[in-house]
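Scroll down for the structure; my scribbles are underneath it.
Start at 1 and go down the list; that is how both ligands and their atoms are numbered. The chain is numbered in sequence order, starting from 1.
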Amino acid sequence: MSGPLRLGVNIDHVATVRNARGAGYPDPVRAALLSVEAGADGITAHLREDRRHITDADIARLSAELPVPLNLEMAATKEMLAIALRHRPHAVCIVPERREEVTTEGGLDAARLFDTLAPMVKELGAAGCRVSLFIEPDARQIDAAIRLGAPVVEFHTGRYAHGDADGNELRRLADAAALAAKNGIEPHAGHGLTFDNVTPIAAIPQIRELNIGHFLVGEAIFTGLGESVRQMRVLMDQAR
Ligand code: PXP
């Protein structure tokens, strides 16, 4: 039996469109509120080191104005840790970050970064933030998450979404979700999910949350953001 599956809407790319012109619109906070009205259970935003989309001011406004949990995605740096501790969002998802990448291209190497992550996970947890590690669906990374005491992992679905011809990646995700859950870690998933590929991921019973952004914001051009979020919700609910 599958439990409920939350939808976190990532609004980064509303800010991308805004920043393309340096104008005050479209407003990512307005998009967040509209997503909530349409069925989002939470809002996700990635404050990148180069501030290419979401800005510090967006995080401050989201923290103040959202009626649902905010999931702040950030790199494992001192600057980001200080920002997270200032705002104390409901959740903090630690992601790998390289300035030259177009998007978050792979999972965090939690095993290799153990010594950097350990004090951060502890400090964020003590501040009341639910810490999540954005990792590949891999036993070595799950083992590091267990040793770090992270309550949540988010599995990177990029490899699944971008051409997984033989179905192995879906199996890897399902096995990883089962392993995490067995060890008391709540599994989430995200990256590259669309109407066409979300169903098998939403059907993995241990997964409790999907974070979806780029596709929903793109689809909003054609149907409106409310409608794109609503349709995603329906597909996710049907899969459970
Ligand atoms: N989850 C995490 C941790 C991410 O870094 C991203 C991309 O910023 C997403 C989910 C959402 O991915 P997408 O925008 O491809 O739906």
Side-chain angles (χ1 to χ4, degrees), residues 5-17 19 28 31-32 35 40-55 58-59 62 69-77 80 84 89-99 101-110 117 124 129-137 141 145 150 152-164 169 173 176-177 180 186-199 201-202 207-221 225 228-229 231-233 235-236:
L5 179 64
R6 295 189 298 273
L7 170 60
V9 173
N10 180 317
I11 43 118
D12 292 350
H13 296 300
V14 177
T16 302
V17 175
N19 296 3
S35 300
D41 301 290
I43 295 297
T44 293
H46 184 176
L47 184 67
R48 294 187 75 101
E49 290 183 272
D50 63 7
R51 311 302 199 265
R52 72 172 72 150
H53 38 58
I54 293 295
T55 64
D58 293 330
I59 295 297
L62 288 166
L70 172 65
N71 174 31
L72 171 65
E73 292 178 1
M74 57 170 233
T77 66
M80 289 299 155
H90 166 83
V92 171
C93 181
I94 303 180
V95 303
E97 206 175 293
R98 286 188 297 118
R99 271 172 200 261
E101 70 188 359
V102 175
T103 180
T104 312
E105 286 164 0
L108 188 72
D109 192 344
L117 294 172
L124 288 164
C129 302
R130 212 157 176 243
V131 179
S132 164
L133 304 176
F134 189 43
I135 58 174
E136 293 294 326
Q141 299 300 339
V152 177
V153 291
E154 179 169 331
F155 293 121
H156 197 303
T157 49
R159 208 173 294 188
Y160 160 80
H162 303 306
D164 164 45
E169 193 60 18
L173 285 157
E186 184 174 290
H188 298 176
H191 202 91
L193 296 177
T194 68
F195 291 159
D196 288 338
N197 65 24
V198 74
T199 297
I201 300 295
I207 292 186
R208 286 279 172 267
E209 180 174 306
L210 300 182
N211 286 299
I212 308 179
H214 186 252
F215 174 80
L216 291 175
V217 172
E219 188 65 13
I221 294 168
L225 184 60
S228 74
V229 171
Q231 275 193 46
M232 189 60 84
R233 244 287 42 112
L235 289 170
M236 285 167 55

Heavy-atom pair of closest approach, residues His53 and Asp58: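 Here His53 and Asp58 meet closest at O-OD2, 4.0 Å.
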Can you tell if the side chain of [X] reaches within under 4.5 Å of the side chain of [Y], non-hydrogen atoms only?
X: Glu219; Y: Met232; answer: no
X: Val152; Y: Val131; answer: no
X: Glu154; Y: His191; answer: no
X: Pro137; Y: Glu169; answer: yes
X: Leu225; Y: Ser35; answer: yes

Spacing of OG belonging to Ser228 relative to CD1 belonging to Ile212, to within rounding of 0.5 Å: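 Output value for this atom pair is 10.0 Å.
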Approximate separation, where rounding is to 0.5 Å, of His188 NE2 and Asn71 CG: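 Separation between the atoms: 8.0 Å.
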Atom indices of ligand 1 within 4.0 angstrom of [X] heavy atoms, with elements:
X: Val95; answer: 3 (C)
X: Ile212; answer: 16 (O)
X: Gly192; answer: 12 (O), 13 (P), 15 (O), 16 (O)

Any N/O of [X] closer than 3.5 Å to an N/O of ligand 1?
X: Gly213; value: yes
X: His46; value: no
X: Asn211; value: no
X: His13; value: no

Ligand 1 versus His156: contacting region, heavy-atom distance under 4.0 Å: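 The answer is neither.
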Minimum non-hydrogen distance to atom 13 (P) of ligand 1, winning option of His214, Glu154, Arg48, His188: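 Closest candidate by heavy-atom distance is His214.
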Heavy-atom nearest neighbour of atom 5 (O) of ligand 1 within options His53, Glu73, Met74: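 Looking at heavy atoms only, the winner is Glu73.
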Non-hydrogen atom of Phe215 closer than 4.0 Å to ligand 1: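 In this structure, Phe215 fails to qualify as a contact of ligand 1 - no heavy atom is under 4.0 Å.
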